[in-house]
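Structure first, commentary second.
Residue numbers start from 1 in every chain, and the chains themselves are labelled A, B, ... in the order their sequence lines are given, proteins ahead of strands.
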Amino acid sequence: MTYIIRTERLAKEYGSITAIDCLDLAVTEGEIFGFLGPNGAGKTTTCRILTTLTKPTSGRAFISGYDVVDDPVKAKGGMGIVPQYLNVDGELTAYENLKLHGMLYGMDRETRNRRIKKLLDFVELSDRASSLVSTFSGGMKRRLMIARALLHEPKVLFLDECTVGLDAQTRRRIWGLIRRINQEGATVFLTTHYIEEAEVLCHRVGIIDYGKLIAVDTPKRLLNQTGDFVVETLDNDGGQVRFFQDKEDAAQFAASSDRDVTMRKSNLEDVFIRITGRRVSE
Amino acid sequence: MGAYAVFWREMVILKRRFLRVLGLYTVSPLLFLIAFGWGMGRSLNVEGVGYMTFMVPGLIALSSMSQSFSIAMDINIARFYWMTFEEFQSAPVSSLSIVLGEVLSGMVKGMLAAIMIFVLALCFGAELRVNGGFFLYICLNTLMFASAAVITSMVVKSHADQASFNGFFILPMSFLCGTFFPLSRLPEWAYFTAKVLPLTHASACIRAAALGRDVPLVSLGIMVFYSVLFFSGAVICVKRASI
């Protein structure tokens with residue numbers, strides 16, 4: 001099996017704070033891997049280390065076999081990055097942003113222009129190619145960032161909370177783009193704290209909390225381990241959650257309760273609750 | 001290619017802001033020329049030449065320093081506010097390429113500012129000689145300060161720190177390094193302090209070339225030393241700013 005992303009006991013400390021703690025991760029070529037966890041869990045730090053923007057305190061990380069610390073230039077050549085903040089250049093046009101990216105990645109003019117045209121069509125920004133990016137909405141900037149990250153045809157695409165702050169419609173549009181990118185052959189490493197995003201998009205999900213990887217599997221298997229059905233009991237203390245494998249058991253429990261209850265299918269947030277006792281959003 | 005990409009980005013933006021930038025490069029030297037050249041120095045003679053002729057090379061050294069160093073604030077904003085500098089850091093280009101591209105853009109800005117003053121000064125009646133050395137020393141000056149700008153922009157952690165650095169180092173240098181009056185008029189301690197600062201040697205070399213005098217080789221050597229030191233420091237700082 002070919003691992004396009006691999007970490008060995010990766011750790012990052014900021015003074016006395018441990019952002020990542022002995023992280024062992026392996027992402028297979030061609031998959032959409034979701035890195036799910038609450039804010040501050042260590043997702044972005046992991047992503048920054050993997051994309052060579054932050055140096056780890058200890059441990060090693062490899063992209064396409066290249067060590068991100070010892071061989072950063074080669075590691076960077078095969079990856080595309082969409083950070084969580086909007087960092088397209090507002091003083092350049094959409095076309096110029098992509099041209100700059102192509103030049104930085106050493107693309108020849110003919111290939112660069114062909115890819116720019118194709119990707120501006122792909123993210124539906126062809127009609128704004130000559131507009132200054134400072135005039136773009138957040139969603140348009142995000143789509144341009146995705147086009148930019150794909151320009152040099154990376155083997156692996158890092159998307160760090162790439163739908164934060166976007167409306168539901170734009171978010172779904174970007175999900176569609178991510179699926180198409182993956183279908184065209186790119187491996188996708190997606191960090192998110194949106195449960196639905198991880199469930200809808202990812203082939204496998206890694207759950208991280210306080211810098212530790214606490215579970216890795218397909219969403220289906222993670223849900224099976226937790227129980228397919230959930231009964232939430234509402235009370236003044238915030239409520240309790242019970243997990244059931246069978247719908248009948250869940251219904252029976254709900255019917256026998258003398259308090260307000262809600263029965264539903266389980267999701268990845270429930271997996272997180274089962275393991276940590278907390279919600280992803282807490 | 002990486003260095004050219006970084007340089008190209010800066011030039012696209014410079015072209016887009018060209019008239020504004022040209023105005024900026026013109027206004028403050030123009031005020032200096034009016035206030036010090038016409039207002040105060042019309043009848044003065046310094047080191048055997050009219051004050052205007054004495055002052056203009058210093059003003060060129062000062063302005064080319066300020067404009068080449070101004071890239072520090074641009075990089076600072078790109079790093080901490082717009083986060084666009086990460087586009088360079090996350091690309092498969094070396095730290096040397098990033099520094100080369102940024103420093104070249106700083107040099108172009110510094111040279112542009114120097115040319116503007118030169119043209120203005122001729123209109124004000126300054127008697128200057130144009131030769132290869134004159135432009136070479138301006139080039140070295142812009143190389144020194146553009147490289148220093150990259151270092152400071154990598155070392156400081158905020159816009160406020162950057163402004164403080166300008167206030168503590170760049171502003172004092174502007175007035176104390178033989179730009180507006182000869183160093184010999186300074187008290188001894190200030191004289192020796194000024195002798196350590198790079199702008200002093202840039203002023204001396206540019207003035208010597210512009211007035212057709214022998215260029216102080218020690219000053220030239222110190223400029224080369226600072227250029228190499230700052231440029232190497234900039235590459236190390238950019239490397240440390242990422243992996």
Can a donor-acceptor pair be found between the side chains of S94(B) and S97(B) at a distance below 3.5 Å? yes
Within a 6.0 Å radius of atom CG on L19(B), are there more than 12 heavy atoms belonging to other residues, nucleotides or ligands? no
I need the H201(B) NE2 to M223(B) CE distance, nearest 0.5 Å. 9.5 Å
Need one label for I81(A): side chain, backbone, both or neither, based on atoms under 4.5 Å from any heavy atom in chain B. side chain
Separation between CG of N76(B) and NE2 of H159(B), rounded to the nearest 0.5 Å: 5.5 Å
Mark yes or no for whether S68(B), through its side chain, and M65(B), through its backbone, hold a donor-acceptor pair below 3.5 Å. yes
Close aromatic pair by centroid cut-off 6.0 Å: F32(B) and F180(B): yes
For S63(B) and I117(B) the tightest heavy-atom approach is CB-CD1, 3.0 Å
Please check if atom CZ in R9(A) has more than 12 non-hydrogen atoms from other residues, nucleotides or ligands closer than 6.0 Å. no
Any donor and acceptor pair, going by atom type alone, linking the side chain of S203(B) with main-chain N or O of C177(B) inside 3.5 Å? yes
I need the contact set between residues 131-153 of chain B and chain A: heavy-atom distance under 4.5 Å, sorted by residue number. none
Sub-4.5 Å heavy-atom contacts with chain B: which residues of residues 91-99 of chain A show up? E91(A), L92(A), T93(A), E96(A), K99(A)
If you count heavy atoms of other groups shown closer than 6.0 angstrom to OH of Y66(A), is the number above 12? no
Output for pair (H101(A) NE2, S90(B) OG), nearest 0.5 Å, gives 7.5 Å
Between the main-chain N or O of L23(A) and the side-chain N or O of T7(A), is there a donor-acceptor pair closer than 3.5 Å? yes
Could you tell me which portion of V12(B) (side chain, backbone, both or neither) has an atom closer than 4.5 angstrom to a non-hydrogen atom of chain A? side chain
So, the side chain of S174(B) versus the backbone of I170(B): is there a donor-acceptor pair under 3.5 Å, distance only? yes
Residues of residues 81-89 of chain B with a heavy atom under 4.5 Å from any heavy atom of chain A, in residue-number order, are W82(B), M83(B), T84(B), E86(B), E87(B), F88(B), Q89(B)
Say whether, by atom type as modelled, one donor and one acceptor occur between the side chain of N182(A) and the main chain of T187(A) under 3.5 angstrom. no
CZ/F80(B): more than 12 non-hydrogen atoms of other groups inside 6.0 Å: yes
Using a cut-off of 6.0 Å, state whether more than 12 heavy atoms not belonging to F225(B) lie near its atom CZ. no
Chain B contacts: which residues in residues 134-159 of chain A have a non-hydrogen atom closer than 4.5 Å to it? R148(A)
Before giving the answer on side-chain contact (heavy atoms from CB on, under 4.5 Å), spell out for L50(A) and C47(A) the whole-Å C-alpha distance, their side-chain angles and the decisive distance to 0.1 Å. CA-CA 5 Å; L50(A) 293 174; C47(A) 206; 5.8 Å; no
